[in-house]
Amino acid sequence: MTTLTTSRLWQPLGLGAVSLKNRLVLSPMTRRRAAADGTPTPLMAEYYAQRSGFGLVVTEGVYPSQEGRGYPNQPGLVDDAHEHGWAAVTDAVHANGTPIFAQLMHAGRVANLEVTGTETALAPSAIPFEDHHGRHSAHSTTAATSQDISRLIEAHVEAARRARRAGFDGVELHSANGYLLQQFLAPSTNHRTDEYGGSPHRRARFVIDVAEAVADEIGADRVGIRVSPGANIQGALEPDEQDVSATYAALFRGLRQRPLAYVSMIHPVAGSAVVQDIRRTSGSLMIVNTGFSAVTDRHTAAALVDAGHADAVAVGRAAIANPDLPRRWQTDRPETVPDQTTFYAGGATGYTDYLTDNAPDGGIEVDQPHHQ
Ligand SMILES: Cc1cc2nc3c(=O)[nH]c(=O)nc-3n(C[C@H](O)[C@H](O)[C@H](O)COP(=O)(O)O)c2cc1C
């Protein structure tokens with residue numbers, strides 16, 4: 001058995017077109033600190049630079065088109081101002097020799113119409129979002145026409161092009177957590193009767209088309225995809241295990257000819273058949289995160305990599321409060337606890353004011369954030 005300090009987490013990893021200095025990935029996290037028009041702010045550059053000790057930085061979900069905006073102060077990649085704002089972020093992260101991918105997240109039916117300025121949310125089918133608390137996020141939901149589908153694919157391609165111009169090393173397609181791409185995969189949100197709906201194979205087609213088009217544009221070795229098979233988040237229900245296996249097998253068989261750089265998997269049991277089947281079928285490296293129900297701690301992360309279940313591990317909440325998380329874990333130092341009330345609060349508090357542990361190696365001093 002390996003210990004934390006000798007774990008394979010600290011070994012470098014070649015991931016498609018980039019090289020990671022360790023196998024910890026900053027998990028994509030919406031923090032809502034962009035300007036009202038979606039332009040990334042200097043504060044965001046500071047936040048991501050603080051976390052550049054991770055082997056790979058993946059940004060929060062970024063909208064690839066106006067109608068895909070999910071949240072106020074979510075950053076976008078649809079105009080020149082966005083591109084320039086992101087260039088400051090990628091420069092700041094690259095200064096520490098760390099690659100950075102932009103997560104492209106089209107909200108689909110969970111778009112926020114107050115920020116999209118549109119009258120309706122675009123989705124695979126006209127099935128309005130209602131979560132288990134009865135919360136509606138879209139007043140109206142419209143099934144995408146075949147023209148809309150071409151436009152949606154092109155929006156992802158254009159955002160990927162902008163991402164590269166802004167200095168990103170690649171993009172991650174958000175096909176998890178109930179957003180647009182997963183809405184096509186899930187039988188509960190996709191009732192289409194054309195070539196994009198019905199069988200597992202047809203429900204996988206839109207995601208394949210988006211991934212292939214983006215890979216054509218920037219290279220498959222610069223594209224990752226995030227999936228959460230069977231997760232049942234935001235009403236994108238995938239309750240039938242056999243259907244889940246068939247749908248994700250169709251997706252990754254479809255992409256196998258030209259494997260993507262990585263699959264970022266959200267699943268509570270990384271050693272399970274559904275996860276490892278996807279890993280084999282995809283031919284891509286696998287980044288694992290255990291999901292919202294349990295915080296991904298240092299021992300879980302090391303065990304996932306050392307057991308051979310994953311090539312790398314994505315860490316979310318612990319990285320919010322510990323900008324220097326990889327060093328803390330490697331040297332077995334204590335962690336600061338994140339303050340949930342500031343996850344989406346805007347401003348520097350609970351964002352860039354979590355301090356690094358400046359004690360010399362072997363020390364145990366931990367600076368507390370100002371706001372606690
Ligand atoms: C504040 C917050 C925002 C998040 N936003 C995103 C997001 O934009 N895209 C995404 O794929 N996952 C998002 N997630 C999920 C995380 O990437 C991660 O999968 C989840 O927090 C579980 O990992 P953890 O236990 O390490 O926190 C978010 C999580 C949190 C806590």
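Order of appearance sets the numbers: ligands from 1, and atoms from 1 within every ligand.
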Legend entry - Closest protein heavy atom (residue, atom, distance) for atom 2 (C) of ligand 1: Tyr344 OH, 3.5 Å
Legend entry - Polar contact flag for Gly316 and ligand 1 (N/O pairs, less than 3.5 Å): yes
Inset, instruction - Indicate whether any N or O donor in one side chain lies under 3.5 Å from an N or O acceptor in the other, for Thr356 and Asp324. - result: no
Legend entry - Contact check: Arg317 vs ligand 1, nitrogen or oxygen atoms, below 3.5 angstrom: yes
Inset, instruction - Examine ligand 1 and decide if any of its atoms is less than 4.0 Å from a heavy atom belonging to Ala294. - result: yes
Inset, instruction - Could you tell me the residue and atom name of the protein heavy atom closest to atom 8 (O) of ligand 1, and the distance to it rounded to 0.1 Å? - result: Thr30 OG1, 2.6 Å
Inset, instruction - Establish, for the pair Arg205 and Tyr196, whether the NZ or CZ atom is under 6.0 angstrom from the six-membered ring centre and no further than 45 degrees off its axis. - result: yes
Inset, instruction - May I ask whether Gly291 has any heavy atom positioned less than 4.0 angstrom from an atom of ligand 1? - result: yes
Inset, instruction - Using distance alone, decide if ligand 1 has a nitrogen or oxygen within less than 3.5 Å of any nitrogen or oxygen in Gly61. - result: yes
Inset, instruction - Examine Arg33 relative to Tyr351 and say whether NZ or CZ is less than 6.0 Å from the centre of the six-membered ring and inside a 45° cone about the ring axis. - result: yes
Legend entry - Side-chain H-bond candidate by donor/acceptor type, Ser52 with Thr98, under 3.5 Å: no
Inset, instruction - Select the closest option to atom 18 (C) of ligand 1 among Ile266, Val25, Asn289, judged by heavy-atom distance. - result: Asn289
